[in-house]
Amino acid sequence: GFSGEKTLKFGVTPYMGEMSMTRGFKPLMDYLARETGFPFELVIVGDYNQLAQRMKLGDIDIGAFSPFAYIEGAKTADVKIFATHTDEGGKASYQGLIIARKDSALTSLTGLKGKSFAFVDPKSASGFIYPRAMLIAKGINPSDHFSRTIFSGNHENVLHAVLNKNVDAGAVYSNALAIGKEKKLAVDSLSVIARTDPIPYDAYTARKGLANDTVRKIQRALLQLDRRNGEGKQVLDTLSRELKIDGFIAGEDRMYNVVREAAAFRRERIRAAVLPFREMGTARETELAPIVSELFESALIQSEKFWVSGS
């Protein structure tokens, strides 16, 4: 039993939908509780902003952040990375994909001119930051290349948006197609028209002030997960089936410097490419300016100027 031990809250966002997150992480919570002696509770929060905020307040102890959300969380909430995960190929990185329907005849990024496009979330590395960086690197200005852009909220929603013809194309992470296929989505009717540079996987972090000894116990438990014993096999098989997570390795802050570089455009590029960017017809429109403003920490990028440039 866990008499008297404080319950540790393990925070995740529903990046593949709430059901998959709950199913994928539940056996891991039970395993961590047995290995560390602390009761664990999985907490699914709306987005990465909320996760960072609640960790800053001490309300969530352990948090899994997408790469870009991690570099922000490290800065704003002082979260400390201790692990990252690997995929079924044993790789510790993935890519963002630009997808379209095969029947659309879209085969290139330039061909997306005037088309509608779905991103995932302003803080998604594979679903926004890297695809946008790739477009800019190819001389395409994301602010006027598309007729309409939306944020769908998670990767599965982007698949639905493209499949249902709500948009012409979208950005997802490389495992989203395999997960979609298992969920019986018609992903075989989609084509990949571009791939981003490699992106490190999610950062597993501890809130500031969580005892080092506790963090070490959690890290050791994650790193020791092994398919060769029954319990490890059950935990990893579930994570793998639901979320394509196949193991854990030690994580270090410097692994995410490539993400910082992708996010930090030179000033003139920012003005051209980011400032006029508007997320049309969605309630999240107003949130983008402060995010960009905070990200680039530049007096040039204030919310008011953001809208002047965009008009």
Side-chain angles (χ1 to χ4, degrees), residues 1-2 5-45 51 60-67 70 80-95 126 154-156 159 172-185 187 198-206 210 213-252 255:
F2 304 115
E5 290 288 7
K6 176 189 179 297
T7 296
L8 293 177
K9 291 185 182 172
F10 192 115
V12 297
T13 62
Y15 63 83
M16 277 316 287
E18 216 154 300
M19 291 284 289
S20 285
M21 304 308 292
T22 305
R23 281 198 301 260
F25 275 102
K26 179 76 175 75
L28 181 67
M29 296 303 104
D30 298 341
Y31 164 80
L32 287 174
R34 282 193 295 274
E35 287 293 310
T36 63
F38 292 98
F40 271 80
E41 178 193 345
L42 183 69
V43 181
I44 299 178
V45 296
L51 182 56
I60 288 178
D61 303 288
I62 302 295
F65 286 91
S66 77
Y70 163 68
K80 302 281 182 250
I81 182 171
F82 61 87
T84 182
H85 68 246
T86 54
D87 63 23
E88 289 167 313
K91 290 204 303 288
S93 66
Y94 64 108
Q95 291 173 299
S126 58
N154 68 36
H155 297 268
E156 190 179 334
L159 293 178
V172 292
Y173 83 121
S174 38
N175 286 327
L177 295 176
I179 294 176
K181 193 181 183 83
E182 278 164 26
K183 292 188 172 185
K184 307 284 189 280
L185 300 184
V187 294
I199 309 166
Y201 274 119
D202 288 6
Y204 293 80
T205 68
L210 190 62
D213 181 54
T214 303
V215 179
R216 268 196 298 274
K217 280 180 182 164
I218 297 166
Q219 183 192 47
R220 190 165 42 224
L222 288 177
L223 270 47
Q224 278 173 355
L225 270 171
D226 188 337
R227 276 216 162 73
R228 286 172 297 202
N229 65 54
E231 185 178 35
K233 182 170 166 41
Q234 189 235 338
V235 171
L236 289 173
D237 282 355
T238 308
L239 279 167
S240 183
R241 184 179 66 244
E242 296 293 339
L243 301 163
K244 302 290 174 247
I245 293 171
D246 206 59
F248 295 89
I249 57 174
E252 294 178 53
M255 295 162 81

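Please read all numbers here as calculations on a predicted model, not as lab measurements.
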How long is the straight-line distance from [atom2] of [Y] back to [atom1] of [X], given to the nearest 0.5 Å?
| X | Y | atom1 | atom2 | answer |
| --- | --- | --- | --- | --- |
| Lys181 | Leu159 | NZ | CG | 12.5 Å |
| Ile62 | Lys9 | CD1 | NZ | 13.5 Å |
| Phe65 | Asp202 | CZ | CG | 10.0 Å |
| Ile179 | Glu182 | CD1 | CD | 7.5 Å |
| Glu252 | Phe82 | CD | CZ | 14.0 Å |
| His85 | Asp246 | NE2 | CG | 10.0 Å |

inquiry  = Under the ring-ring contact (aromatic ring centres under 6.0 Å, His included) definition, can you give me all pairs with a residue in residues 219-249, not counting sequence neighbours?
reply    = Tyr204-Phe248
request  = Starting from the C-alpha separation in whole Å, work towards a yes-or-no answer on salt bridge (charged side-chain N to carboxylate O under 4.0 Å, His left out) for Asp30 and Lys26.
outcome  = CA-CA 7 Å; Asp30 298 341; Lys26 179 76 175 75; 3.0 Å; yes
Closest contact, heavy atoms only, [X] versus [Y]:
| X | Y | answer |
| --- | --- | --- |
| Leu225 | Leu28 | CD1-CD1, 3.8 Å |
| Met16 | Lys183 | O-NZ, 3.3 Å |
| Ile60 | Gly11 | CG2-N, 3.7 Å |
| Pro67 | Ile199 | CG-CG2, 3.7 Å |
| Val235 | Pro27 | CG2-O, 3.8 Å |
| Val45 | Pro14 | O-CD, 3.0 Å |

ask   = Between Arg241 and Asp237, is there a salt bridge with N-O shorter than 4.0 Å?
value = no
key: Lys/Arg N to Asp/Glu carboxylate O, Lys217 vs Asp213, below 4.0 Å   = yes
message = Measuring only between side-chain heavy atoms, which start at C-beta, is Leu32 closer than 4.5 Å to Leu8?
response = no
ask   = Is there side-chain contact between Glu156 and Leu185, with at least one heavy-atom pair below 4.5 Å?
value = yes
key: Worked verdict on Met255 versus Thr84 for side chain to side chain contact (heavy atoms under 4.5 Å, CB included)   = CA-CA 10 Å; Met255 295 162 81; Thr84 182; 3.7 Å; yes
query = Can you say whether the rings of Tyr15 and Tyr173 are parallel (under 30°), tilted (30 to 60°) or perpendicular (over 60°)?
reply = perpendicular
inquiry  = Below 30° counts as parallel, above 60° as perpendicular, anything between as tilted: where do the rings of Phe10 and Phe40 land?
reply    = tilted
message = Apply side chain to side chain contact (heavy atoms under 4.5 Å, CB included) to residues Lys91 and Ser174 and explain how you reach the verdict.
response = CA-CA 12 Å; Lys91 290 204 303 288; Ser174 38; over 6 Å; no
request  = Examine the side chains of Tyr201 and Asp87 and answer whether a donor and an acceptor come within less than 3.5 Å of each other.
outcome  = yes
inquiry  = Set out, in order, the CA-CA distance, both residues' side-chain angles and the distance that settles side chain to side chain contact (heavy atoms under 4.5 Å, CB included) for Thr214 and Thr36, then state yes or no.
reply    = CA-CA 8 Å; Thr214 303; Thr36 63; over 6 Å; no
query = Is a donor on one side and an acceptor on the other found under 3.5 Å between the side chain of Tyr31 and the backbone of Ala221?
reply = yes
inquiry  = side chain to side chain contact (heavy atoms under 4.5 Å, CB included), that's the test. Do Met21 and Leu243 meet it? Break it down for me.
reply    = CA-CA 8 Å; Met21 304 308 292; Leu243 301 163; 3.6 Å; yes
